[in-house]
Amino acid sequence: MGVLESIGEPRDLRGLTDRQLDDLALEIRDFMVEKVSKTGGHLGPNLGMVEITLAMHRVFDSPRDRLIYDTGHQAYVHKIVTGRAKGFDHLKQAGGLSGYPSQAESEHDIVENSHASTALSYADGLAKAYRLRGEDRHVVALIGDGGLTGGMAWEALNNIADAKDLKLVIIVNDNGRSYSPTVGGLATHLAGLRTNPRYEKILDVVKTNLGRTPLVGAPMYEVLHGVKKGLKDMVAPQGMFEDLGLKYVGPIDGHDRKAMETALTNAKAFGGPVIVHAVTQKGFGYGAAEQDDEDNFHSPAAFDPLTGRPTKVKGREWTDVFAEELVAIGHRRPDVVAITAAMLYPTGLNKFADAFPDRTFDVGIAEQHAVTSAAGLAMGGLHPVVGLYATFLNRAFDQVLMDVALHKCGVTFVLDRSGVTGSDGPSHNGMWDMSILQLVPGLRLAAPRDGARLVELLNEAVDVDDAPTVLRFAKGAVFADIEAIDRAGDCDILAATGKDVLLIGVGSMAATAVDVAERLGAQGFGVTVVDPRWVKPVDPALIDLAAEHRFVVTIEDNGRVGGCGAAIAQVLRDAGVSTPIRDFGIPQRFLDHAPRPTVLAEIGLTGQALARDIIELIASHGEDGPEQATQPGTPSRGASGA
Ligand SMILES: Cc1ncc(C[n+]2csc(CCOP(=O)(O)OP(=O)(O)O)c2C)c(N)n1
Ligand SMILES: CC(=O)[C@@H](O)[C@H](O)COP(=O)(O)O
Ligand SMILES: [Mg+2]
């Protein structure tokens with residue numbers, strides 16, 4: 001039996017010998033490669049976290065001491081040593097282990113939000129609470145070098161630097177990468193600390209004299225071992241952390257568990273805020289991940305553990321269509337530039353960067369800065385395209401509102417992973433953008449239904465130079481093109497079999513709307529399916545169309561509250577159109593992790609469920625059947641919207 005099987009809780013780590021702990025580290029790495037190769041997940045970040053996590057749980061007493069993981073994608077080892085190894089067969093699956101910390105799973109977990117750069121703020125608050133309540137508890141916040149490029153982290157550090165008596169240990173897990181190499185002055189500074197020749201020289205002196213120092217006894221060895229391994233603030237190059245007034249310990253080899261334990265033990269004993277700078281390698285211990293320079297192992301899908309190659313061939317994705325079209329636009333529009341917030345490859349902007357390196361800006365995990373910098377770029381005569389995941393735009397809402405829209409800047413935001421993403425859990429669903437962006441005066445919002453419309457709408461968006469424009473599309477395989485059979489205003493008519501129901505399918509839900517129309521047609525109901533293309537502002541053509549139908553139904557892969565359906569209902573009300581309207585979307589709650597199709601079925605956003613609900617809606621209005629005979633011809637067929 002291996003050591004891993006004997007670990008049911010962190011206390012089981014305390015009695016292990018160094019040899020057993022080294023064996024455990026190897027077993028954990030093999031375990032994660034084997035399990036994640038089947039389920040997919042954040043393998044690269046977690047392979048770099050083995051020794052650090054073992055040291056954290058051996059030095060601190062979780063859950064009395066609180067361990068917080070920034071972004072939370074690197075907490076697999078934490079889950080393994082807190083009794084959840086068996087859950088990895090169902091990692092990120094419906095009812096299975098979450099890919100992030102989860103309070104429902106364990107008393108050892110506290111922060112579930114997967115948005116980066118938040119850990120130090122949580123830690124600041126928690127440590128203050130324990131101090132005020134007189135509780136002798138430590139807070140340990142682990143943050144990556146990428147997470148440290150986020151503004152919130154510096155807001156927290158500014159406060160923590162002043163709080164000398166907070167029992168707070170910050171571990172900077174510096175692997176030099178977010179997805180891609182971490183950028184900016186901070187990354188350069190951290191690299192400087194890692195490779196400072198003065199630090200290396202001192203270490204050599206200590207190392208070579210250690211054996212010959214006549215006075216060296218056991219205690220001295222420990223001290224000097226500590227110095228060699230990083231407890232050397234007297235020799236540390238003057239870093240910005242110390243300039244801030246923060247005690248800094250490091251850099252330390254984050255794969256040397258004993259060195260980490262020594263540093264954490266001393267940091268704990270210090271009794272005030274300490275930064276422990278650990279240097280690790282993303283993917284450490286698994287060759288394919290160590291050599292990964294295109295982010296393939298940050299969050300891989302299932303792969304062959306022997307070769308590291310994906311087991312499923314990915315089809316053409318929404319991201320690919322966007323990436324290719326933006327390069328084409330870039331060739332004809334020298335004013336178009338691109339901004340990424342440390343996600344060059346995941347957003348597809350790596351293609352634009354290859355073609356136009358001087359016109360591509362990676363600002364680090366700094367969405368607020370990305371948006372306002374884009375406003376500056378627009379004020380300077382350029383047209384920025386900001387590529388983000390939809391959920392991460394949430395934190396830059398004020399910048400969109402007051403820095404871009406107020407100044408009527410021509411900035412285009414392209415929101416990937418919009419709608420239900422599913423497996424990455426509640427904080428990763430892109431389900432709020434079409435609600436919050438409704439509030440922004442002058443902003444134009446488009447939701448392409450397929451690849452052809454993505455190309456069309458992206459070109460229309462970059463031609464708008466006096467207002468923010470937004471495109472949003474789902475995660476994964478791009479949907480098959482659905483051609484329009486007619487136009488009404490700027491809207492595409494996808495089916496027209498009668499006037500019982502005007503079915504407005506937004507973006508990825510247009511294909512589902514076509515499916516619903518077919519199901520309703522089979523029950524004799526006549527349906528007009530409309531894809532608005534631009535959902536904000538509401539197209540006036542929808543007012544006339546609504547007035548001509550018995551019912552209006554909207555379907556969107558976004559929260560119902562404040563979504564497109566709500567906006568359309570308001571416009572119809574204001575126009576005096578009394579046609580009953582019902583909006584379908586994501587209910588206002590945090591959705592548990594599960595694959596996208598599973599979540600869509602659970603919340604009723606499938607063709608079958610919607611058709612059933614619409615028939616019930618019609619019946620609830622005291623009208624039981626179709627009023628008009630269904631006109632001949634069936635709607636054009638689209639792919640399923642799942
Ligand atoms: C606000 C926000 N923006 C973007 C992301 C996407 N994201 C997830 S992990 C990651 C890189 C994190 O880098 P780092 O903090 O260095 O951790 P590492 O993966 O290197 O351990 C990014 C950009 C996010 N989770 N939150
Ligand atoms: C933790 C994080 O925010 C990212 O790593 C995210 O999990 C990646 O999502 P995709 O797999 O959809 O690119
Ligand atoms: Mg990193």
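As the structure lists them, so they are numbered: ligands from 1, and atoms in each ligand from 1.
For atom 4 (C) of ligand 2, the closest heavy atom belonging to the protein is Tyr179 OH, 2.9 Å. Looking at atom 1 (C) of ligand 2, its nearest protein heavy atom turns out to be Tyr100 OH, 3.1 Å. Among protein heavy atoms, atom 3 (N) of ligand 1 sits closest to Glu367 OE2, 2.7 Å. Atom 2 (C) of ligand 2 has His428 NE2, 3.3 Å as its closest protein atom, hydrogens excluded (heavy atom only). For atom 13 (O) of ligand 1, the closest non-hydrogen atom of the protein is Ser178 CA, 3.3 Å. For atom 24 (C) of ligand 1, the nearest protein heavy atom (residue, atom name, distance) is Phe392 CZ, 3.2 Å. Scanning the protein for heavy atoms near atom 7 (N) of ligand 1, the closest one is Tyr179 CE1, 3.7 Å. Scanning all protein heavy atoms for the shortest distance to atom 25 (N) of ligand 1 gives Ser114 O, 2.9 Å. Protein heavy atom nearest atom 13 (O) of ligand 2, with residue, atom name and distance: Tyr389 OH, 2.6 Å.
Proximity to Asp424 (heavy-atom distance under 4.0 Å) selects the following atoms of ligand 2: 6 (C), 7 (O), 8 (C), 9 (O). Against a heavy-atom cut-off of under 4.0 Å, His73 is close to the following atoms of ligand 1: 9 (S), 17 (O), 18 (P), 19 (O), 21 (O). Contact atoms of ligand 1 toward Pro45: 19 (O), 21 (O) (distance under 4.0 Å to a heavy atom of the residue). Numbered from 1 in the order shown, with element, the atoms of ligand 2 that lie under 4.0 Å from a heavy atom of Phe392 read 3 (O). Heavy-atom contacts of Lys475 reach the following atoms of ligand 2: 10 (P), 11 (O), 12 (O) (cutoff under 4.0 Å).
Annotation: the span from Thr512 atom OG1 to Arg449 atom CZ amounts to 13.0 Å, rounded to 0.5 Å.
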- [ ] Kindly determine whether Leu168 and Ile160 satisfy side chain to side chain contact (heavy atoms under 4.5 Å, CB included), including the steps that lead there.
- [x] CA-CA 9 Å; Leu168 171 51; Ile160 291 166; 3.5 Å; yes
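With the Mg ion (ligand 3) as the vertex, atom OD1 of Asn175 and atom OD1 of Asp145 span an angle of 80° (nearest 10 degrees).
Residue contact annotation: His298 has a non-hydrogen atom under 4.0 Å from ligand 1. Note on ligand 1: Arg395 sits in its first shell, one or more heavy atoms being nearer than 4.0 Å. Contact annotation: Gln74 has no heavy atom less than 4.0 Å from any atom of ligand 1.
Here the shortest heavy-atom distance to atom 21 (O) of ligand 1, taken over Asn175, Asp70, Leu142, Ile365, belongs to Asn175.
If you look at Arg177 next to ligand 1, the close heavy atoms, those under 4.0 Å, all belong to the backbone. For Thr71, every heavy-atom contact with ligand 1 shorter than 4.0 Å involves the side chain, none the backbone.
In the displayed structure, Arg316 atom CZ is contacted under 6.0 Å by more than 12 heavy atoms of other residues, nucleotides or ligands.
The shortest N or O to N or O distance between Arg417 and ligand 2 is below 3.5 Å.
Aromatic ring orientation, His189 versus Phe241: perpendicular (interplanar angle above 60°, classes split at 30° and 60°).
Ring to ring, Tyr100 and His428 are close: their centroids are under 6.0 angstrom apart.
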